Every structure is written in structure tokens, then in C-alpha cells.
Protein chains: 2
Amino acid sequence: MPQRSTESVDNYLKAILTLGERQPGRVASNALAAHLGVAPASVTNMLQKLAAAAAPFVEYERHRGVLLSPSGRRRALEIVRHHRLIETFLYEVLDYPIEELHEEAERLEHFISERFEERIAAKLGHPTTDPHGHAIPSLEGEMPPRSSMCLTDVSEGTFIVDSISDRDAPTLRSLQANGLTPGTKVRVTRSPSDSYSVRIGRSTTALDLSPEVAREVRILPLTK
Amino acid sequence: MPQRSTESVDNYLKAILTLGERQPGRVASNALAAHLGVAPASVTNMLQKLAAAAAPFVEYERHRGVLLSPSGRRRALEIVRHHRLIETFLYEVLDYPIEELHEEAERLEHFISERFEERIAAKLGHPTTDPHGHAIPSLEGEMPPRSSMCLTDVSEGTFIVDSISDRDAPTLRSLQANGLTPGTKVRVTRSPSDSYSVRIGRSTTALDLSPEVAREVRILPLTK
DNA sequence: AGTTTGATTTAGGTAAACCTAATAAGTAGG
DNA sequence: CCTACTTATTAGGTTTACCTAAATCAAACT
């Protein structure tokens with residue numbers, strides 16, 4: 001039996017998973033602190049407690065950062081699965097506006113039961129991606145690897161929108177309103193002012209995205 | 001703006017509401033402690049903190065018990081509304097077995113947003129009772145008075161089942177399995193062994209309920 | 001090697017919400 | 001009126017998760 005898991009612990013595990021995916025290897029306490037919005041000292045404290053448990057969720061060494069243990073990874077993926085299933089459910093069944101999905105899911109992900117998870121998954125037909133285009137980890141804790149890249153990583157070309165970050169509600173709202181949704185085809189060019197010019201589908205008008213906004217969009221090469 | 005409300009505070013307010021309805025007047029700390037499953041000292045502590053707030057949820061006086069303030073009552077009814085809407089939703093939309101409704105609702109009632117509340121209410125067509133037959137408080141915090149009585153309050157006669165307590169899952173399961181659900185007509189007689197003999201509808205076989213189980217069932221006079 | 005710098009950890013402290021044990025306050029019975 | 005009993009409160013302590021400020025470590029620079 002792994003150690004007990006609170007809302008706060010869940011959030012640490014999720015953060016370690018996310019940051020560890022962004023930059024493989026050990027995750028630094030400072031990065032965690034920034035990501036979670038807490039003081040670095042709080043992170044050290046928590047990591048020490050987590051690592052000292054009988055069947056720890058993390059492997060931690062002073063000054064060398066932290067890694068998820070297999071059970072920690074399983075738990076983190078379970079929470080991500082909850083989050084994305086809930087978002088999908090709110091969107092599909094309860095007709096939530098897309099920019100309100102994240103906040104509600106972020107709260108509820110910690111409190112739903114296995115049964116709730118199972119029932120909404122069944123109701124939705126066991127979806128594999130959420131409304132933002134993010135992959136939903138399977139019940140067994142598998143997350144299919146995705147080779148998407150950031151819009152800011154390319155200078156120009158034609159791509160398929162893979163996913164859009166769910167973090168920033170206003171940005172999400174405007175991208176959605178402009179039709180920039182997962183699965184749509186886009187033609188990208190870098191405009192003079194350092195912004196990204198995006199033509200959606202075969203429309204003639206272009207959308208101008210600032211680098212900050214462009215960083216929220218992930219794309220796939222057009223394999224046709 | 002009323003004081004901040006945590007999961008624990010919510011539970012205190014709900015308990016004060018429930019006990020205050022059962023026995024009108026001030027609610028004793030000891031009764032609260034028993035109902036909440038915490039030590040009496042913890043109750044005293046919490047009541048003092050609650051009552052000391054700027055816009056308190058309760059009116060409390062040493063050794064004389066506690067009352068809900070108008071805003072406390074509003075908050076308590078909001079939580080009850082959440083609980084009963086969630087139960088209805090789990091039952092109607094997610095096909096939960098009836099005996100699992102309470103536990104899930106008890107957890108989630110504290111964490112859903114106004115939007116979630118509004119959306120499930122709409123989806124369900126703004127129901128006024130939950131699957132156990134309990135009235136759902138309105139958005140404005142009104143709870144229609146119901147003149148139901150306990151099965152144990154009568155010796156015999158014909159009645160309509162009003163509601164069944166959601167607290168004890170096994171009892172609930174067996175009552176449900178035997179067709180004793182809100183709205184059904186029952187003929188009651190007191191059997192020799194101090195138990196309650198209940199004939200459902202016009203069936204000939206009777207269900208024998210112990211006093212403990214009978215106390216979970218509320219009935220209405222048959223106004224025909 | 002010595003020093004600066006930035007990241008990290010230790011030390012000490014706060015706020016909830018609970019606990020137990022000891023005390024005080026009301027309520028009766030003699 | 002006083003003792004006994006029940007009920008409620010105070011006092012002091014725990015755990016979780018956070019904080020700030022002060023130390024320490026590791027890595028890079030001269």
C-alpha cells in the first residue's frame with residue numbers, strides 16, 4: 001500500500017510529472033516551488049516527508065532534485081486522468097464554456113471516487129483526449145507518447161493543431177472564438193514584429209499571436 | 001461578505017441545521033459532537049471561532065448552545081442543496097446504485113462551483129426532491145416544510161412513503177430491493193415482536209422491519 | 001584555491017482542526 | 001443548601017501545510 005495522498009500531495013506529484021516531462025531528469029525544488037506557487041522551503045519540507053514514507057511516491061536526494069517512484073507516477077497519472085475526464089465531461093455533458101473547464105477540474109480531480117471516474121468515462125465512451133487536445137492517461141496509467149511541438153519551435157509551415165494549454169482562461173477563450181481548436185489545419189508564418197501569423201484552414205485572414213500566446217499552442221507536422 | 005467557509009465549517013453548519021430541525025431551539029455542543037463524530041472540546045473551539053467572526057454564521061453563548069445566523073442558515077441550505085442535487089444527478093445521469101449516492105455526495109458537496117450546481121440542476125429539470133424523497137432547497141435557500149412523520153410514530157394504518165434516510169447504505173439497499181421507495185403506498189401494522197409489518201401496495205406478503213430500520217422511513221398520511 | 005552567486009536547506013513560527021485531561025458550570029436530588 | 005452528575009469549557013498538545021529569515025551547499029569565475 002502506498003502512502004496516503006492529500007490534495008496537496010497530489011498537486012506535488014502532478015507538478016513533478018509535468019516538469020519531469022518538460023525536461024527529463026530530476027526536477028529541481030525551485031522549479032517545483034515556482035510551478036506550485038509556494039516557497040522553496042515548503043517544497044524541501046514536503047519532499048523530505050514524501051521520501052521518508054514507507055512506500056514513497058518520490059525518490060529524493062538533498063540538492064539533487066526529485067523523481068517520481070513508480071507508484072508516485074501511477075498516482076500522478078491517475079490525477080491527470082481525473083482532470084481530463086472531468087474536463088471532457090463538463091464540456092460534453094454539462095455544456096461548460098471551454099475557459100471554465102480547468103478551474104473546476106482542478107478542484108474536483110482530488111475528490112471523485114473510482115466509481116465516478118468509471119461512470120463518466122463510460123458515459124463519454126472512454127475518450128482518449130480532452131477538449132484541449134490533451135491525451136487522457138488510461139486506467140492502467142499509460143499515457144501514449146505524443147510528438148507534438150510548440151508553435152514557437154517552428155518558423156513557418158503547415159500543421160495540425162494538437163492541443164491548447166488550459167491554464168490561461170482569457171487566452172483560451174479568444175483562441176476558441178477564432179476557431180483555433182485541436183484538429184484544425186493551420187498555416188504559420190513569422191511576422192516582422194516577432195509575432196506568429198496563423199491562417200486557419202483555407203481562410204485568407206490571418207490571426208496574429210504574440211509569443212506568449214503562441215507558446216500555449218502545440219502542433220503536429222502535417223503527415224499527409 | 002460572510003466569513004470564509006471550509007469543508008469542516010460546512011459540516012458544522014449542516015449539523016446545526018439538521019439538529020435544529022429535529023429539536024427546534026438552540027443546539028447543544030454535545031449533540032453536535034456526537035453527530036459529527038468529534039470530541040466535545042473540538043466543537044466548543046470551533047463554535048467560538050465561528051461566532052467571533054466579523055459576519056458570523058452562528059450565534060453562540062457559553063453553555064447555552066448555538067443557533068444559525070441568517071447567513072449561516074443560507075450557507076447550510078446551500079450545502080444541503082448541493083448534496084441532494086448531486087445525489088439526484090449521480091442517480092439519474094450516472095446510474096449510481098442508490099446506496100452509493102450518499103458517500104459521494106457527502107464529499108463533493110463542498111467542492112462544486114455555482115456553475116456546476118446550476119448546470120446539473122438544469123440538466124435534471126430543476127428537481128424538488130432527491131432519490132430518497134428529501135426536499136431539495138431552492139436556490140434562494142427556501143426549504144418547503146414537509147409534514148412527514150416517522151414510521152415509528154404510528155401504530156397502524158395506510159400511508160405513502162415520503163422518504164428514506166440516506167445514512168445507512170445496507171439498510172437503504174434492502175429497502176430499495178424490496179420496493180420500499182418514496183411514493184409507494186404501504187399498509188402498516190405493528191407485529192407482536194415489536195417490529196413493524198409493512199405491506200407494499202396491494203401485495204399480500206409483508207415486510208418485517210425492526211424499529212431501527214423503521215426509524216429510517218418517513219411517511220405521509222394518505223390524503224385521498 | 002578563494003570567492004561569489006544562486007539554489008537549497010534548516011530553524012523557527014503560524015493557522016486549521018483535531019485530540020486528551022483537567023476544570024468549571026449548570027441541574028438536580030437529598 | 002449542598003453534593004453528585006452531566007455537560008461544557010479551558011489548557012495544552014498533535015499534525016499538516018504553509019511561511020520568513022538565516023545558514024549552507026554546489027557550481028562557476030578569476
Side-chain angles (χ1 to χ4, degrees), chain A residues 2-16 19-20 22-23 25-54 56-67 72 75-76 79 106-107 109-111, chain B residues 2-16 19-20 22-23 25-54 56-67 72 75-76 79 106-107 109-111:
Chain A
Q3 65 184 106
R4 109 195 174 80
S5 161
T6 64
E7 184 180 351
S8 172
V9 167
D10 283 350
N11 285 331
Y12 276 87
L13 299 180
K14 246 195 345 174
I16 297 168
L19 296 179
R22 207 173 282 173
Q23 288 281 302
R26 291 181 164 265
V27 175
S29 334
N30 243 11
L32 269 176
H35 190 82
L36 290 167
V38 301
S42 308
V43 172
T44 300
N45 245 288
M46 177 62 93
L47 294 182
Q48 288 175 340
K49 255 186 281 185
L50 288 182
F57 280 144
V58 302
E59 194 264 276
Y60 164 73
E61 230 176 308
R62 287 173 42 126
H63 291 281
R64 329 190 76 260
V66 70
L67 275 180
R75 178 66 185 158
I79 300 297
E106 192 69 10
R107 229 174 324 106
E109 63 185 6
H110 307 291
F111 306 111
Chain B
Q3 64 185 105
R4 110 195 174 82
S5 162
T6 64
E7 184 180 351
S8 174
V9 168
D10 283 349
N11 284 332
Y12 275 87
L13 299 180
K14 244 193 349 169
I16 298 168
L19 296 179
R22 207 173 283 175
Q23 290 279 302
R26 291 181 164 267
V27 175
S29 336
N30 246 11
L32 269 177
H35 190 82
L36 290 167
V38 302
S42 308
V43 172
T44 300
N45 244 290
M46 177 62 92
L47 293 182
Q48 288 175 342
K49 254 186 282 186
L50 287 182
F57 279 144
V58 302
E59 193 263 275
Y60 163 74
E61 229 178 308
R62 281 173 50 119
H63 292 282
R64 329 188 77 262
V66 71
L67 275 181
R75 177 64 185 159
I79 300 297
E106 192 68 11
R107 228 176 321 109
E109 62 185 6
H110 308 290
F111 306 111

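In what follows, chains carry the letters A, B, and so on, assigned in the order in which the sequence lines appear, proteins first and then strands, with residues in each chain numbered from 1. This structure is a prediction, so every number in the text was calculated from the model and none was measured. The figures here come from the full heavy-atom set of this structure, side chains too, leaving out hydrogens, waters and symmetry mates.
To the nearest 0.5 Å, atom CD of residue A:E109 and atom NZ of residue A:K14 are 3.5 Å apart. Considering NE2 of B:H110 and CZ of A:R107, their distance stands at 13.5 Å, rounded to 0.5 Å.
Using a 4.0 Å cutoff to heavy atoms of chain A, the contacted part of DNA chain C runs 5' to 3' from C:dA7 to C:dT10.
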Review point. When you check every protein heavy atom under 4.0 Å of nucleotides 4-17 of chain D, what one-letter string (B, S, -) results, 5' to 3'?
Key: ---SSBB-----SS

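No side-chain heavy atom of B:E7 sits less than 4.5 Å from a side-chain heavy atom of B:D10. Inter-residue side-chain proximity for B:I16 and B:V58 is flagged as met; some heavy-atom pair is nearer than 4.5 Å. Put simply, the side chain of A:L32 reaches to within 4.5 Å of the side chain of A:L47, judged on heavy atoms. A:V9 has its side chain within reach of A:M46: a pair of non-hydrogen atoms, C-beta onward, lies under 4.5 Å apart.
The two atoms that bring B:N11 and B:L36 nearest to each other are O-CD2, 3.6 Å, heavy atoms only.
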